[in-house]
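Encoded as C-alpha cells, the structure appears first; notes follow it.
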Amino acid sequence: MRTTLSSGLVATSLVFVVAGLALRHWQVVLLALPPLAFLAVGALLPPAPPKVSATRLVSRDRVQARHEADVVLEVRNDGPGLDLVEILDALPPELALVRGTNHAVVPLDAGETLRLDYTVRPEVKGDYSIGPVRVRSLDPLYLGLEDATVDVTSRLVAAPATEDVRRAKLGPRRTRPWYGQVPSRQRGVGTDFWGIREYAPGDDVRQLNWKATARLDRLLSNEYEGERSGDVVIVLDARRECSVGTDADNPVEHGVRAALGIAEHVLASKNRVGLVVQRDVLDWVHPAFGRRQLYRILDALIRVRPGGQWAFAHVAWVLSRFFPRDALIVVITPLLDRASLDAVVGLSARGYDVAVVSPSPLEIERRLAREAPAEDAAYAVLRMERENSIAQLRRVAQVVDWDPRTPLAMALGRGRTWVRGA
Amino acid sequence: MGAGRLIRRILRLAPIAALAGLGVWTLADVLVVDRAGWNLGLLGLAVVALDLSILGFAEWGAWPRRLGVFLFGGAFFGARLVDLGVEPVGAFAYITLAIVYVELRILSDRFGPVYEGSLSTDARSAIDAALVRQSLRLLVAASLAVFLPILAADLAIAGAVPLRSFTTALLASAGIVAVVVLLALLPVLRRRSAGVGSGDRVQKA
C-alpha cells in the first residue's frame with residue numbers, strides 16, 4: 001500500500017516536470033529528480049506482507065483497580081524476513097503502561113521471535129481486552145507499508161476498590177423470618193436479653209434465670225430478642241447526568257465503591273442484598289445471601305459506566321415487581337437533578353424504607369477547578385442548593401452526604417440515623 | 001542523561017531543526033527579492049508558512065504542518081522564478097531538505113514513543129539497530145537526491161544529452177513521467193503478482 005508521502009513525492013515530481021515544460025525551463029524539469037531518487041531508494045526494499053503469530057501471557061486475569069499486571073507478548077515471524085516492522089499490542093485507554101513497552105519498531109528475520117515485556121495498571125475498574133496485535137511492515141523511507149492484525153486477545157478484569165464500612169452500623173430496618181443478626185424487636189433466638197417468663201418444659205437449662213428463680217422460688221426462664229435477617233436493595237444511579245469529573249474520579253466510580261462496600265458488609269451480617277443499576281441498560285441482581293452473591297454484584301458493578309437516561313419510574317417499577325416490599329432501599333446518587341430527588345420522595349411515599357448515599361459531585365468538581373474567587377462564590381451557592389435538597393430529603397429518608405475523599409464509614413458514622421429499630 | 005532520553009530528545013529536535021533550516025533559507029531568499037509587488041507577497045507567503053508550521057508543532061494536527069511546508073516551497077520557488085533565477089544545486093538541496101524534514105518527522109513519530117517506556121536490553125538493542133539503519137538509509141537517499149540531479153545537470157550542460165532542444169526536453173520529460181508512474185505503481189503490481197489480497201491480512205495466531 002502506498003503512503004501519503006509516496007503520493008506526495010510523485011505529485012511533486014509531476015508538478016516540476018509540467019512546470020518545466022510550461023516555462024520551457026530545463027532546470028525546473030531536473031527538479032523532479034530529488035523526489036524520484038527517494039522513490040527509487042524506497043522501491044529497492046519494498047515491504048513484505050507480514051505473516052506473524054503471537055502469544056500473550058498475562059500474570060493475572062483479575063486485579064483490583066490501580067494494581068498492576070505483567071504482560072509478556074511474543075511475536076514470531078512465520079513469513080519472509082521483514083526489513084522494518086512496527087508491532088503494537090493494542091491497549092484500552094484505561095490501562096496505563098507502567099513499565100516496559102507494548103510498541104516496537106524492529107527488523108524481524110524469518111523465524112525470529114520478538115519478546116515484549118510490559119506492566120499495565122487499570123486506572124478504573126472494568127472488563128478490559130488486551131489486543132489484538134497490530135503489525136505493520138514498512139519500507140526504509142515510509143513510502144509503502146503492509147498491515148496485518150494478529151487476532152490474539154486477553155481479558156483483564158479490574159475489580160473496583162471497596163469502601164471499608166465494617167465499623168459502620170448499617171442494615172435493614174425491617175426483618176424477615178430467617179435467622180440473622182438484626183434485632184427484630186420480637187422474642188426469639190438471639191443474644192440480647194428481652195424478658196423473663198415462666199419455665200416451660202423443653203426450655204434449655206442454660207436459659208434458666210437462677211437469680212429470679214431463687215428470689216421468687218419458682219422456675220423462670222430468660223427470653224431473648226430474636227435476631228433475624230432482612231433485605232437490602234442497592235440502587236445505583238449511573239445515568240449520563242452523573243458523569244461529573246474524570247474517568248477515575250466521578251460520582252459513579254465512587255458510587256460503585258460504596259455499593260460494593262455496603263453489599264459486602266450487609267451480606268456479612270447474614271442479610272440478603274440485591275442490586276439495581278441505572279446505566280445504558282437497567283440491570284438488576286435479585287436479592288440473595290452469601291459470598292456468591294457478592295461476586296454476582298461485583299460482576300454487575302464492574303461493567304458500570306456513566307451513560308443512558310433510564311427514568312426513575314422504571315426503577316420503581318422493577319423494585320415493585322421483582323424485589324421484596326420490606327427491603328431497605330439504598331439509593332446511591334449524586335442528587336444532581338430534580339428527578340433523583342423526586343424518585344426518593346416517590347419511593348418513600350410508596351412505603352419503602354429508603355436511605356440515600358450521595359457522593360458529592362460538588363467536592364469532586366471543586367478539586368478539579370482552579371482556585372479563584374468566582375469559583376469559591378459558585379461553590380458556596382451550589383453548596384447551599386445541595387444542602388437545601390438534602391434537608392428536604394431528610395424528611396422522608398436517611399441521607400448521607402459523602403465527600404468521596406473521606407472514607408464512607410466516617411460519613412455513615414456522622415449520620416447516626418442509619419439503623420432504626422423495627 | 002541516559003542514552004534513551006538523549007535519543008528521544010534528538011528524535012524530537014531533528015525535524016524541528018530541519019524545518020527551521022527550511023524556514024531560514026526561504027526567508028533569506030525572499031528578503032532579497034527586489035521586484036516591487038512580488039517581494040511583499042512572497043514575504044507574506046513565507047510568514048504564513050512559518051505561522052502554520054508553528055501551529056502544527058503546537059498540537060494543531062498535521063495539516064497546518066504540511067501546508068506550511070508547501071507554502072515555504074511556494075515562496076522559495078516563487079522568489080527563484082520571479083527574481084533570483086533557478087540555481088539547480090541550491091534547488092536540489094532545498095527539495096531534499098524538505099523531504100528529509102518529512103522523513104525525520106515520520107521517524108520521530110515512529111521511534112519517539114518506543115523510547116518513552118523502559119525497554120528490556122534485547123528489545124532496546126534491536127530498536128537501536130533499526131533506528132541507526134533507518135538513519136543511514138535516509139542519509140543515503142538524501143545524498144542520492146542531491147548528487148544524481150547534479151550529475152544529470154552536468155551531463156546536460158556538457159552536451160552529453162542535448163537537453164536544451166525542446167524535442168529532447170519533451171522526450172526526457174516523458175521518460176521521467178514514465179519512471180514516476182512506474183515507481184508509483186510498483187507496490188500494486190508487486191502485490192498483484194504475489195497474489196496478496198486484503199483478505200489475507202488477518203491471520204489467526
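Labels below follow one simple rule: chain letters A, B, ... track the order of the sequence lines, proteins then strands, and each chain is numbered from 1. This one's a predicted model, so the numbers in the text were calculated from it and none came from an experiment.
- Atom CG of L31(A) is separated from atom CZ of R80(B) by 11.0 Å, given to the nearest 0.5 angstrom.
- Of the listed residues (P132(A), A104(A), P34(A)), the one with the most heavy-atom contacts under 4.5 Å to chain B is P34(A).
- In this structure, chain A has a heavy atom under 4.5 Å from the side chain of L81(B), while its backbone stays farther away.
- With a 4.5 angstrom heavy-atom cutoff, L138(A) touches chain B only via side-chain atoms.
- Neither the backbone nor the side chain of Y94(B) comes within contact range of chain A, judged by heavy atoms closer than 4.5 Å.
- Look at D83(A) and R137(B) and you find a salt bridge, because one of the NZ, NE, NH1 or NH2 atoms lies within 4.0 Å of a carboxylate O, short of that distance.
- Contacts between L23(A) and chain B at a heavy-atom distance below 4.5 Å involve the side chain alone, from C-beta outward.
- Other residues, nucleotides and ligands contribute more than 12 heavy atoms inside 6.0 Å of the CZ atom of R124(B).
- Proximity to chain A (any heavy atom under 4.5 Å) is shown, for L144(B), by both the backbone and the side chain.
- Heavy-atom pairs under 4.5 Å with chain A were tallied for R66(B), R133(B), E87(B); the largest tally goes to R133(B).
- Note that CD1 of I99(B) and CG of L9(A) are 5.0 Å apart. Values are rounded to the nearest 0.5 Å.
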Practice problem: Apply side chain to side chain contact (heavy atoms under 4.5 Å, CB included) to the pair V114(B) and V105(A), showing each step before the final yes or no. | Solution: CA-CA 7 Å; V114(B) 177; V105(A) 189; 3.8 Å; yes
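- Your options are D78(A), L141(A), L33(A), and the one with the most heavy-atom pairs under 4.5 Å with chain B is L141(A).
- For W25(B), the CH2 atom is densely surrounded, since the number of other residues' heavy atoms within 6.0 Å is greater than 12.
- Residue R136(A) touches chain B through its side chain alone, counting heavy-atom pairs closer than 4.5 Å.
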Quiz prompt | F92(B) vs L30(A), side chain to side chain contact (heavy atoms under 4.5 Å, CB included): CA-CA, chis, key distance, verdict | solution = CA-CA 9 Å; F92(B) 298 150; L30(A) 280 180; 3.9 Å; yes
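- Neither the backbone nor the side chain of A93(B) comes within less than 4.5 Å of any heavy atom of chain A.
- With chain B as the partner, the residue from V41(A), L84(A), D117(A) showing the most heavy-atom pairs under 4.5 Å is L84(A).
- Taken to the nearest 0.5 Å, the OG1 atom of T3(A) stands 6.5 Å off from the CD1 atom of I106(B).
- Per-residue heavy-atom pair counts under 4.5 Å with chain B were compared for G100(A), P107(A), A37(A), and the maximum is reached by G100(A).
- At least one side-chain heavy atom of F16(A) sits under 4.5 Å from a side-chain heavy atom of I95(B).
- Across V28(A), T101(A), T12(A), the residue that shares the most heavy-atom pairs under 4.5 angstrom with chain B is T101(A).
- Taking OH from Y115(B) and NE2 from H103(A), the interatomic distance works out to 11.5 Å, rounded to the nearest 0.5 Å.
- If you take OG1 on T96(B) and CZ on F38(A), they are separated by 5.5 Å, rounding to the nearest 0.5 Å.
- Ranked by heavy-atom pairs under 4.5 Å with chain B, the first of V98(A), V18(A), L5(A), L97(A) is L5(A).
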